[in-house]
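Counting starts at 1 for both ligands and their atoms, following the listed order.
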Amino acid sequence: MSKEIKLPEIADNVTTAVVLEILVSKGDKVEADDILAEMESDKASFELPSEFAGVVKEIKVSEGDEVKVGQVMFVIDDEAAGSDDGGKEKKEAPEKKEEKAAPKDDSKDQKEEDTSEQEEKDSSEKKEKPQEKQPAASPSFVSEEPAKSASHVPASPAVRRLAREIGVDITQVKGSGPAERVTEEDVKAFVKELVQKKSAAGSGIADDFQLPDFSKYGEIRREKMDTIRKITAKAMSGSWQNIPHVFQFDKADVTELEKFRKDYSKYVEKKGAKLTVTAILLKLSAVALKTFPKFNASVDMNNEEIIYKDYVNIGVAVDTERGLIVPVIRDVDKKSITELSVELNELAEKARTKKIKPDELQGANFTISNLGGIGGTHFTPIVNRPAVAILGVSRSQMEPVWTDGEFKPRMMLPLSLSYDHRVIDGADGARFLRWLCEAMQNPLVTMF
Ligand code: CAO
């Protein structure tokens, strides 16, 4: 008796699907649940199974056709099901076609294919046994996204088995063989890449950006990141991804301060260090952090709390041959500028000569990054978590400044403040930086 296979209901609001590939030919013998066609709707790709065992009597659609739900696609003659000569074997799956097309096919592979197909059949039969055989009316959804099925990936049975045994989804493997055929090496390379990504993810510095093959363009050299590079990469990407940054810029008139610094440096030099703009900024920043406690804080998003600190520890970014190191000066508010100059000098030297200890790099509430010794007009440093702000210092230079009706040459120091907008608002940022600029112009400000 002839039985019709129609396009079943697929999902709410889906009324049609496109025939991607017809997997049987007229006269083919099919079992119940054998896949007759690969379909695709705008929601998913799926396989259309036969509801009955029998022989394909009619194929009423073509590849590329848009078929309506309920439309007849195949006619199966179920009376011919039992007869041995009732029909030809079902059209070979695409993987079989590939096997024939591939140059390296051999009888061993064919045997393995037979065995693996048998294994698959056995295991699916085992799974089905306890239940009543379900009518295969509804399509089996492969995924929400249109995706190629494993049977469409060209690969030898041995390679398929390898992928299956080690849990690799062969559809994810890029084939390097003829017609993108997946080889054993491709599967191994895929696993190697996954393992490398996982270990990089464990270190917190991985990203999913796919690098191109740079060697296509010329000679390249790969070098392992050292520990400092990895720590910096992890800390900076963590800060950048989690902190909504705002950048505030200002300029301090340091004309008078520079005169003072040069005059008084000799007193500091007696203690073994120079009086530098960084040491002065350390002292002034400590007062600023006390004046604006939000900047001497950390944010605890898990508990929705802001943690205010009564101590003032400030990190200073030091440029070393090994990269950026940030030693921390503790209780900056309690130390004199001379003490701070000496301590900064010692810590920077320790950082550059690899003598810095781990605890000397921890516990900063705020950071100062002075690139002025190198140059540059402005830059935007990244906040160093769990602090909420960082001060960027660029190179001071003489500029004409309009004062009392005329341009006067003034030494101007460009400052930038990067801060965490979860805790600090724009007006707070502008006030903090302006306060610092005014304190540099007139240190008496700090007394109020
Ligand atoms: N504007 C103009 N000149 C500056 C300056 C500035 N902002 N900062 C420093 N200078 C001058 C100093 O006066 C000194 O000049 P002299 O040799 O004529 O006295 C010279 O530059 C070198 O200063 P220094 O770097 O030795 O001293 P410092 O205390 O100001 O800085 C330190 C110490 C550790 C901050 C600095 O050496 C350093 O490593 N800076 C790089 C920081 C960094 O890499 N930041 C980027 C991190 S990413 O956010």
| query | Quick one: ring-ring contact (aromatic ring centres under 6.0 Å, His included) pairs with a partner in residues 316-375, sequence neighbours left out? | reply |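 Checked against ring-ring contact (aromatic ring centres under 6.0 Å, His included) - neighbours excluded - the pairs reaching residues 316-375 are F366-F432.
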| query | Pick from L7, V18, I22: which one makes a side-chain contact (heavy atoms from CB on, under 4.5 Å) with V61? | reply |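 Result: among L7, V18, I22, I22 is the only option passing the side-chain contact (heavy atoms from CB on, under 4.5 Å) with V61.
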| With E399, which of K251, R410, K408 fulfils side-chain hydrogen bond (donor to acceptor under 3.5 Å, both in side chains)? |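 Looking at K251, R410, K408, the match for E399 under the side-chain hydrogen bond (donor to acceptor under 3.5 Å, both in side chains) is K251.
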| Heavy-atom donor-acceptor pair, N296 side chain to P293 backbone, under 3.5 Å |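 Absent.
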| request: Indicate yes or no for a side-chain donor-acceptor contact from S298 to the backbone of I307 under 3.5 Å, with no hydrogens or angles considered. | output: no
| query | Would the Y419 and H245 ring centres measure less than 6.0 Å apart? | reply | no
Pairwise, report which nitrogen or oxygen atoms of ligand 1 are under 3.5 angstrom from protein nitrogen or oxygen atoms, and how far apart they are.
| from | atom 1 | to | atom 2 | distance (Å) |
| --- | --- | --- | --- | --- |
| ligand 1 | 1 (N) | S396 | N | 2.9 |
| ligand 1 | 1 (N) | S396 | OG | 3.3 |
| ligand 1 | 7 (N) | N370 | OD1 | 3.2 |
| ligand 1 | 7 (N) | S394 | O | 2.8 |
| ligand 1 | 8 (N) | N370 | OD1 | 3.4 |
| ligand 1 | 8 (N) | N370 | ND2 | 2.9 |
| ligand 1 | 17 (O) | K274 | NZ | 3.4 |
| ligand 1 | 19 (O) | K274 | NZ | 3.1 |
| ligand 1 | 29 (O) | T276 | OG1 | 2.7 |
| ligand 1 | 29 (O) | T278 | OG1 | 3.3 |
| ligand 1 | 30 (O) | T278 | OG1 | 2.8 |
| ligand 1 | 30 (O) | N370 | ND2 | 3.2 |
| ligand 1 | 31 (O) | T278 | OG1 | 3.3 |
| ligand 1 | 37 (O) | R352 | NH2 | 2.9 |
| ligand 1 | 39 (O) | D319 | N | 2.9 |
| ligand 1 | 39 (O) | R352 | NH2 | 3.0 |
| ligand 1 | 40 (N) | N370 | O | 3.0 |
| ligand 1 | 45 (N) | S369 | OG | 2.9 |
| ligand 1 | 49 (O) | S369 | OG | 3.3 |

